[in-house]
Amino acid sequence: MTTSNKRPVRSYILRQGRLTKHQERGIKNFSSKYAIPFQKSFLNFDQVFPKRNKVILEIGFGMGDSTFEIAQVMNDFNFLAVEVHSPGVGSLLNKINLSQIENLKIIQHDGIEVLNEMIPRRSLDGVHIFFPDPWPKKKHHKRRLLKKSFLELIEPKLTLSGYIHIATDWEPYAIEIIDLVKQSQFYKMSNRNFNKKPQARPFTKYEKRGLRLGHQVWDMIITLS
Ligand SMILES: C[S@@+](CC[C@H](N)C(=O)[O-])C[C@H]1O[C@@H](n2cnc3c(N)ncnc32)[C@H](O)[C@@H]1O
């Protein structure tokens, strides 16, 4: 029998980013309360969140400012927010603790593995992916999060009325995503005007950078076909 020793291509590169003292304290003091360790068994959302509500998974929340904002605005949803980098995790943990909101929990891990191992079938009402790393160089395209296999991984995790909301300021990536959806047997695009920001989505940190550079922003809402 042959086994492959090939390392998976990740959609991120783990940097040993410096943590501020405040972020460090956030991780040390509040992880046990508001973060869920990665595990190889499905979550029971009734145990994760105090209120039973629809669940939205966000992958790649960065510093988490917009995640915190949207969780407050859409407070009749529960948010499970996933990020690999510690500064954003520490920062968001501090925010959750200060505000004591109960509908936002964090997992610090690769979102693909979280989807695979922790998310039960037909349990997500939404998946938010705001400004995924565009990996603009051709040799890095293989690192892009949005690809056929990733969309296929999400499909059985969505409820039948669930959606995926993707925003990007990288036009070639947006076009690639729209093509992936068109070719998919599982999905359809549910918005038409891709350059109109849905009201519920706050401006994100990364988006503001894109806008400063003069980039146009694309929002794509994808539902099951
Ligand atoms: C360009 S940033 C955008 C952050 C934030 N959404 C915003 O708009 O400001 C993309 C983020 O996705 C995270 N990321 C990339 N791949 C990921 C994965 N597989 N699982 C979890 N986070 C991931 C990166 O660490 C990074 O923080």
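When side chains are defined from C-beta on, Phe45 counts as touching Leu124, because their heavy atoms get closer than 4.5 Å. Proximity of Leu57 to Leu115: side-chain heavy atoms (C-beta onward) are separated by under 4.5 Å at one or more points. Side-chain atoms of Ile178 and Trp218, non-hydrogen and from C-beta on, do get closer than 4.5 Å to each other. Side-chain contact between Val127 and Ile56: absent, with no pair of heavy atoms (C-beta onward) separated by less than 4.5 Å. A 4.5 Å side-chain heavy-atom check between Leu151 and Phe186 finds every atom pair outside the cut-off. Residues Phe194 and Met189 form a side-chain contact, since some pair of their non-hydrogen atoms from C-beta on lies under 4.5 Å apart.
Within 6.0 Å of NZ on Lys205 lie no more than 12 heavy atoms contributed by other residues, nucleotides or ligands. Around atom CH2 of Trp170, no more than 12 heavy atoms belonging to other residues, nucleotides or ligands sit under 6.0 Å away. Other residues, nucleotides and ligands place more than 12 heavy atoms under 6.0 Å from the CD atom of Gln100.
Only one option out of Arg212, His215, Arg201 pairs with Glu207 in a side-chain hydrogen bond (donor to acceptor under 3.5 Å, both in side chains); it is Arg201. Of the candidates Val82, Leu92, Ile27, Ile106 forms a side chain to side chain contact (heavy atoms under 4.5 Å, CB included) with just one, namely Leu92.
Residues Leu104 and Phe49 come closest through the heavy atom pair N-CE2, 4.2 Å. Ser123 and Val55 get closest at one heavy-atom pair: O-CB, 4.1 Å. Minimum heavy-atom separation, Gln108 to Ser86: NE2-OG, 2.9 Å. The two residues Met220 and Ile177 make their nearest non-hydrogen contact at SD-CG2, 3.9 Å. For the residue pair Ala167 and Pro132, the shortest heavy atom distance occurs at O-CD, 3.2 Å. A pairwise comparison of heavy atoms in Asp219 and Pro198 identifies CG-CD, 3.3 Å as the closest pair.
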- request: Determine, stepwise, if the pair Leu158 / Tyr187 fulfils side chain to side chain contact (heavy atoms under 4.5 Å, CB included).
  value: CA-CA 11 Å; Leu158 287 176; Tyr187 293 108; 4.1 Å; yes
- request: May I have the step-by-step check of side chain to side chain contact (heavy atoms under 4.5 Å, CB included) for Glu176 and Arg144, ending in yes or no?
  value: CA-CA 11 Å; Glu176 192 176 300; Arg144 286 181 172 170; 2.7 Å; yes
task: Could you go through the side chain to side chain contact (heavy atoms under 4.5 Å, CB included) check for Lys197 and Phe203 one step at a time?
output: CA-CA 9 Å; Lys197 185 176 87 61; Phe203 284 103; 3.7 Å; yes
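No donor-acceptor distance shorter than 3.5 angstrom exists from the side chain of Lys188 to the backbone of Ile222, with no hydrogens or angles considered. Remark: the backbone N or O of Gly62 is paired with a side-chain donor or acceptor of Glu83 at under 3.5 angstrom. Here the side chain of Lys105 pairs no donor or acceptor atom with the backbone of Ile36 at under 3.5 angstrom. Under a 3.5 Å cut-off, the side chain of Asn195 and the backbone N or O of Val217 do form a donor-acceptor pair.
Linking ILVMFWY side-chain heavy atoms closer than 4.5 Å, directly or via other members, places Phe131 and Ile175 in two distinct hydrophobic clusters. Linking ILVMFWY residues whenever their side-chain heavy atoms come closer than 4.5 Å, directly or via other members, leaves Ile59 and Phe42 in distinct clusters. Hydrophobic cluster membership is shared by Ile70 and Val89, with clusters built from Ile, Leu, Val, Met, Phe, Trp and Tyr side chains linked at under 4.5 angstrom. Cluster annotation: Leu146 and Val114 are assigned to the same hydrophobic cluster (Ile/Leu/Val/Met/Phe/Trp/Tyr, side-chain heavy-atom contacts under 4.5 Å, transitive). Placement of Ile166 and Phe61 in two distinct hydrophobic clusters is found when ILVMFWY residues are connected by side-chain heavy-atom separations under 4.5 Å, directly or transitively.
Taking CG from Asn94 and OH from Tyr34, the interatomic distance works out to 10.5 Å, rounded to the nearest 0.5 Å. The distance from the CG atom of Leu43 to the CD atom of Glu117 is 11.0 Å, given to the nearest 0.5 Å. We find the OG-CD distance between Ser91 and Gln23 to be 5.5 Å, quoted to the nearest 0.5 Å. Separation of atoms CD (Gln72) and OG (Ser99) is listed at 5.5 Å; rounding is to 0.5 Å. With values rounded to the nearest 0.5 angstrom, Ser66 atom OG is found 7.0 Å from Phe130 atom CZ. For the atom pair Lys208 NZ and Thr204 OG1, the distance stands at 7.5 Å (nearest 0.5 Å).
Residues meeting the salt bridge (Lys or Arg N to Asp or Glu O under 4.0 Å) test with Asp169, sequence neighbours left out: none. For His140, the ring-ring contact (aromatic ring centres under 6.0 Å, His included) partners are Trp135, not counting sequence neighbours. Applying the ring-ring contact (aromatic ring centres under 6.0 Å, His included) test to Phe30 and every residue at least two apart in sequence or in another chain returns nothing. Remark: Phe38 pairs with His109 by the ring-ring contact (aromatic ring centres under 6.0 Å, His included) rule, at least two apart or across chains. Partners of Arg52 under the salt bridge (Lys or Arg N to Asp or Glu O under 4.0 Å) rule, at least two apart in sequence or in another chain, are Asp46.
The list of salt bridge (charged side-chain N to carboxylate O under 4.0 Å, His left out) pairs with a residue in residues 18-45, not counting sequence neighbours, is empty. Residue pairs satisfying the salt bridge (charged side-chain N to carboxylate O under 4.0 Å, His left out) criterion with at least one member in residues 54-73, sequence neighbours excluded, are listed as follows: Asp65-Lys95. Counting only residues at least two apart or in different chains, salt bridge (charged side-chain N to carboxylate O under 4.0 Å, His left out) contacts with residues 118-141 comprise Arg122-Glu155.
Under a 4.5 Å side-chain heavy-atom cut-off, the cluster of Ile, Leu, Val, Met, Phe, Trp and Tyr residues that includes Val9 has no other member. Leu14 belongs to a hydrophobic cluster whose other members, connected by ILVMFWY side-chain contacts under 4.5 Å either directly or through intermediates, are Tyr12, Val84. Under a 4.5 Å side-chain heavy-atom cut-off, the cluster of Ile, Leu, Val, Met, Phe, Trp and Tyr residues that includes Leu213 has no other member.
Salt bridge Arg10/Asp110: present, at least one basic N to carboxylate O contact under 4.0 Å.
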Less than 3.5 Å apart, which donor and acceptor atoms pair up between the side chains of residues 73-81 and the rest of the protein, not counting sequence neighbours?
from	atom 1	to	atom 2	distance (Å)
Asn78	ND2	Lys51	O	2.8

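In this structure, the ring of His128 has its center less than 6.0 angstrom from the ring center of Tyr163.
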